[in-house]
Amino acid sequence: MTTGNAQLCQAKDNVHNLIYFPFHGLAGCIRTTLIVSGEPYKFTNMMLKEWATAKELTPFGHVPLLREETKCGKTLELAEINTIEHFLAKRAGLLGKDEWEEHQVKMYLNSTHSTISFLIHSIVPMPKEDRPAFLEKFKASKLPQWVKHHEKHLAANGSNGHYVGDQLTIADIKTASVIEHVVRLCGDAPQVSEELTPAIWAVKTNLEKNPKYQEWRATEQYQQYTATNIGFFGF
């Protein structure tokens, strides 16, 4: 029998309050998972001018931070992107049908996260004049490796828009959430497209069929996150 916080974190009427900066950054997958899950959520924007003070109130001095707001008034907190993604994916049934599929999902989820996290965490502290050279190196080395291995696996799974079997998982959501940024980053020298990487592209187009995801992408909030992302990171 589950009790205490274990029981509270499983309650279906919790409100998932995600705290992050007002751009996509590294939280796109988490936001999309919340959208498609159909569970109650809210997005709380952490403004950069407030961050110096607010960071001391987080477990590790960074965001995203997920606050589970329960009906009894108690709030449970989770930090670290992988932890938040796994927690939400488990609640929403986005980790495959069995234990082996779950490990496969996490493997490709973490592969995508490590690639994009390396990019974001490298750029943020970097002087702007150093960014072009770094981005060229990233596009010539780390990104092609990600494209190669993920395209190969997705094609082996039938190019059906899924990493595992024929159902949506958080690995699909993770990849779909970063494709538009990769396309923008590469500009006139694309590495991901319907022609070049049909299996990866199918992940994007498959998720875009989801009505909740369609509605989210059409919102003013999503468009503002995109504009701020371009302004802050350049893609």
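We're numbering straight along the sequence, starting at 1. Just the heavy atoms: all of them, side chains too, but no hydrogens, waters or symmetry mates, feed the values below.
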- Query: Do you see a donor-acceptor pair shorter than 3.5 Å between the side chains of Gln224 and Thr228?
  - Reply: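 Judged by distance alone, the side chains do pair up.
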- For the residue pair His62 and Glu80, confirm or rule out a side-chain donor-acceptor distance under 3.5 Å.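 Present: a donor and an acceptor within the cut-off.
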Donor-acceptor pair, side chain of [X] and main chain of [Y], under 3.5 angstrom:
X      : Y      : result
Tyr108 : His153 : no
Thr115 : Ser111 : yes
Gln104 : Tyr163 : no
Thr197 : Ser193 : yes
Asn229 : Phe235 : yes
Asn45  : Ile19  : no
Thr58  : Lys55  : yes
Asp172 : Leu207 : no

Who are the side-chain contact (heavy atoms from CB on, under 4.5 Å) partners of [X], not counting sequence neighbours?
X      : result
Asp13  : Ala11, Lys71
Gln223 : none
Val105 : Leu95, Val164, Thr169, Ile170, Ala171

- Query: If you take all heavy atoms of Ser159 and Ala155, which pair is closest and at what distance?
  - Reply: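 Minimum heavy-atom separation between Ser159 and Ala155: OG-CA, 3.5 Å.
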Applying ring pair (Phe, Tyr, Trp, His ring centres under 6.0 Å), can you list everything that pairs with [X], at least two apart in sequence or on another chain?
X      : result
Phe87  : none
His162 : none
Trp216 : Phe43, Tyr222
Trp146 : His150

- Query: Going by an N to O cut-off under 4.0 Å, is there a salt bridge joining Lys42 and Glu69?
  - Reply: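 Yes, Lys42 and Glu69 are salt-bridged.
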- Query: So Phe21 and Phe23, would you call those rings parallel, tilted or perpendicular, with 30° and 60° as cut-offs?
  - Reply: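 Tilted: the ring planes of Phe21 and Phe23 meet at 30° to 60°.
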Those residues that, when tested against [X], pass salt bridge (Lys or Arg N to Asp or Glu O under 4.0 Å) (two or more places apart):
X      : result
Lys212 : none
Lys152 : none
Glu136 : Lys139
Glu151 : none

- Message: Does any part of the side chain of Tyr41, heavy atoms only, come nearer than 4.5 Å to the side chain of Thr33, both counted from C-beta?
- Response: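 The answer is no, as the side chains (C-beta and beyond) never meet within the 4.5 Å cut-off.
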- Message: Do Thr226 and Arg184 make a side-chain contact, defined as non-hydrogen atoms from C-beta onward lying under 4.5 Å apart?
- Response: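 They are in contact (side-chain heavy atoms under 4.5 Å apart), so the answer is yes.
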- Query: With sequence neighbours left out, which residue pairs that include part of residues 81-95 fulfil the side-chain hydrogen bond (donor to acceptor under 3.5 Å, both in side chains) condition?
  - Reply: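 Only Glu39-Arg91, Glu85-Lys174 qualify under side-chain hydrogen bond (donor to acceptor under 3.5 Å, both in side chains).
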